[in-house]
Amino acid sequence: MLRNFIISLINYVFNNNLFINLKTTKFKNLEYNYDFSNISFEDTAALNKILLSNKYFKKNYRELTDFQYHTFNWLFNAKKIGGSEIINLAKKHIFVWSKKKYSLNSFVWKDDLVAKRLINLIYAYDYYAVSATKSERYLLSKIIHKHYFVLKTQENIVLKKNNSRIEISKALFLFESIHKISTKKTIDNIIFKVDRHVNENGMHNSMNPSVHIEYLNHLFEIKNMFLFFKFEIPKMIELKINEMSMVLKNLFHKDNTIAFFNGSNDANYEAMSKLNKKIIDVKPKNLSNIKNGIAIFESKKLK
């Protein structure tokens with residue numbers, strides 16, 4: 001009970017809009033032109049429906065459980081479609097969403113959603129801001145700055161770091177690298193998380209092939225950021241990427257279909273297969289005689 005009260009108090013103080021606006025004045029208003037995305041695992045058809053729907057522009061629309069809408073993943077679709085009409089539509093979506101002023105204690109500001117929005121806002125900025133006025137660019141920068149500050153506060157004070165998603169540290173690392181803020185703590189958190197999320201055999205702890213593949217995709221994205229911003233890639237990250245890639249080669253049957261167990265499915269088969277094909281010159285890891293985890297047994301026709 002006392003712990004919940006303390007967390008609520010911290011949320012009130014550090015997630016207060018006036019306090020956030022004061023703290024984010026130190027960030028420069030930059031023109032973002034960065035996209036380190038590797039492969040998208042999102043449902044393109046569902047995101048197109050969100051992007052092209054008018055219901056989100058209604059004053060009384062405040063559906064908090066519309067997860068995909070609040071991720072801003074539809075910005076990926078907008079960028080892919082292109083055209084001036086879609087540019088203006090995407091920009092309108094962002095401003096309308098911001099004007100609704102969702103409570104910082106609501107589902108909308110949950111850490112994983114904040115991370116997804118921050119990444120999408122930066123990756124697609126050069127697209128949706130291309131026709132923005134000076135005042136609109138100022139507002140867009142403030143929206144991005146607010147996302148970083150809220151996420152950083154959650155990561156430092158509220159969240160249990162070993163349980164938080166790798167995507168959160170990826171979003172923080174991206175913003176800090178762009179704005180030349182110290183990344184040491186965030187890099188340490190990335191190493192901390194990967195060490196705990198990936199077991200000694202190189203398999204994601206969920207033992208779910210679908211989760212394993214998406215997590216590996218995040219690590220490739222993070223590696224691209226390290227290379228672009230000229231940071232030394234931690235040896236442990238390189239090791240885990242290599243081990244997870246070797247394990248990945250075991251997670252497809254001989255007919256190239258994905259193995260179904262522990263909740264894996266083929267909903268994102270195209271993306272999973274694409275990542276698998278991009279990983280070349282990597283031999284499948286020998287998992288035939290292990291004490292804990294997943295064992296692989298093969299014959300000429302079966303696996």
Side-chain angles (χ1 to χ4, degrees), residues 27-42 71-73 75-76 79-80 111-129 140-141 143-156 159 161-162 164-198 202 204 211-245 248 271 274-275 278-279 282:
F27 302 135
K28 293 181 179 179
N29 296 328
L30 301 178
E31 298 292 310
Y32 299 95
N33 187 16
Y34 306 89
D35 187 347
F36 303 98
S37 59
N38 196 38
I39 295 170
S40 174
F41 285 79
E42 306 303 332
T71 63
F72 283 19
N73 284 332
L75 280 172
F76 174 83
K79 193 173 181 179
K80 194 173 181 180
D111 61 297
D112 55 336
L113 277 173
V114 181
K116 288 178 185 295
R117 282 200 303 273
L118 179 56
I119 291 169
N120 286 321
L121 282 166
I122 292 175
Y123 279 4
Y125 183 89
D126 62 332
Y127 171 73
Y128 63 77
L140 289 169
S141 290
I143 291 170
I144 293 172
H145 297 169
K146 177 177 178 178
H147 275 72
Y148 168 75
F149 182 74
V150 170
L151 190 62
K152 188 70 173 180
T153 302
Q154 291 174 329
E155 180 80 337
N156 287 344
L159 298 178
K161 295 181 182 63
N162 60 322
S164 64
R165 297 171 185 264
I166 191 66
E167 199 168 10
I168 294 168
S169 291
K170 181 178 76 174
L172 294 174
F173 181 54
L174 173 61
F175 184 92
E176 289 166 357
S177 299
I178 293 170
H179 284 266
K180 298 181 180 179
I181 302 169
S182 174
T183 58
K184 184 182 183 307
K185 193 170 183 179
T186 299
I187 292 174
D188 287 344
N189 281 345
I190 291 173
I191 295 170
F192 179 90
K193 290 177 184 179
V194 174
D195 187 49
R196 282 153 181 77
H197 294 167
V198 182
H204 189 273
V211 174
H212 178 95
I213 294 171
E214 288 196 43
Y215 195 94
L216 178 57
N217 192 58
H218 285 309
L219 293 189
F220 276 124
E221 205 169 331
I222 290 170
K223 181 178 178 179
N224 289 340
M225 293 176 191
F226 271 99
L227 291 171
F228 181 85
F229 292 108
K230 295 181 171 54
F231 288 109
E232 183 179 353
I233 304 172
K235 290 182 180 179
M236 195 275 282
I237 301 296
E238 289 274 35
L239 176 64
K240 291 297 183 181
I241 287 176
N242 187 53
E243 287 184 342
M244 291 187 79
S245 297
L248 172 63
K274 188 176 179 181
L275 182 64
K278 285 185 72 170
I279 299 173
V282 174

Within residues 227-237 or reaching into it, pairs that qualify as side-chain hydrogen bond (donor to acceptor under 3.5 Å, both in side chains) - sequence neighbours excluded
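Residue pairs passing side-chain hydrogen bond (donor to acceptor under 3.5 Å, both in side chains), neighbours aside: none found.
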Looking only at atom types and distance, does a side-chain atom of Lys116 sit under 3.5 Å from a main-chain N or O of Phe72, one as donor and one as acceptor?
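Flag not set: sc Lys116 to bb Phe72 has no pair under 3.5 Å.
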So [Y] and [X], do their side chains get closer than 4.5 Å, heavy atoms only?
X: Ile213; Y: Asn217; answer: no
X: Leu121; Y: Tyr32; answer: no
X: Tyr127; Y: Leu75; answer: no
X: Ile187; Y: Phe226; answer: yes

Which pairs count as salt bridge (Lys or Arg N to Asp or Glu O under 4.0 Å) when at least one residue sits in residues 168-182, sequence neighbours excluded?
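Salt bridge (Lys or Arg N to Asp or Glu O under 4.0 Å) check on residues 168-182 returns Lys152-Glu176, Lys170-Glu221.
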Name all pairs fulfilling the salt bridge (Lys or Arg N to Asp or Glu O under 4.0 Å) condition that reach into residues 117-126, sequence neighbours left out, sorted by first residue then second.
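Qualifying pairs: Lys79-Asp126.
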Partners meeting ring pair (Phe, Tyr, Trp, His ring centres under 6.0 Å) with [X] (sequence neighbours left out):
X: Tyr128; answer: Tyr125
X: Phe36; answer: Phe228, Phe229
X: Phe231; answer: Phe173
X: His147; answer: Trp97, Trp109

Atom [atom1] of [X] and atom [atom2] of [Y]: how far apart are they, to the nearest 0.5 Å?
X: Ile168; Y: Leu172; atom1: CD1; atom2: CG; answer: 8.0 Å
X: Lys193; Y: Ser169; atom1: NZ; atom2: OG; answer: 2.5 Å
X: Lys146; Y: Ser141; atom1: NZ; atom2: OG; answer: 15.0 Å
X: Asp112; Y: Gln154; atom1: CG; atom2: CD; answer: 9.5 Å
X: Ile190; Y: Asp195; atom1: CD1; atom2: CG; answer: 13.5 Å
X: Leu151; Y: Leu118; atom1: CG; atom2: CG; answer: 6.5 Å

I'd like to know whether Phe220 forms a side chain to side chain contact (heavy atoms under 4.5 Å, CB included) with Ile279, so could you lay out the CA-CA distance, the side-chain angles of the two residues, the decisive distance to 0.1 Å, and finally the verdict.
CA-CA 11 Å; Phe220 276 124; Ile279 299 173; 3.9 Å; yes
Could I get the full list of side chain to side chain donor-acceptor pair (under 3.5 Å) partners for [X], not counting sequence neighbours?
X: Tyr215; result: His197
X: Lys278; result: Asn38
X: Asn120; result: Asn73
X: Asn242; result: none

Residues in side-chain contact (heavy atoms from CB on, under 4.5 Å) with Leu227, at least two apart?
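Testing Leu227 for side-chain contact (heavy atoms from CB on, under 4.5 Å), a comparison that skips the adjacent residues, returns Lys223, Ile233.
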Val194 and its side chain to side chain contact (heavy atoms under 4.5 Å, CB included) partner, picked from Ile222, Ile237, Leu239, Asn189:
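Exactly one pass, corresponding to Ile237.
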For His145 and Phe149, I'd like to know if the aromatic rings sit close, meaning centre-to-centre distance below 6.0 Å.
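Ring centres of Phe149 and His145 not closer than 6.0 Å.
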Check ion pair Glu42-Lys80 (N to O, under 4.0 angstrom)
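Looking at Lys80 together with Glu42, the answer is no, because their closest N to O distance does not fall below 4.0 Å.
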Quick one: closest heavy-atom pair of Ala271 and Ser40, and the distance?
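Nearest heavy atoms, Ala271 then Ser40: CB-O, 3.4 Å.
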Can you name the closest pair of heavy atoms from Lys240 and Val198 and give their distance?
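In this case the closest contact between Lys240 and Val198 is NZ-O, 3.4 Å.
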Side chain to side chain contact (heavy atoms under 4.5 Å, CB included) for Leu174 and Tyr123? Distances and angles first, verdict last.
CA-CA 10 Å; Leu174 173 61; Tyr123 279 4; 3.7 Å; yes
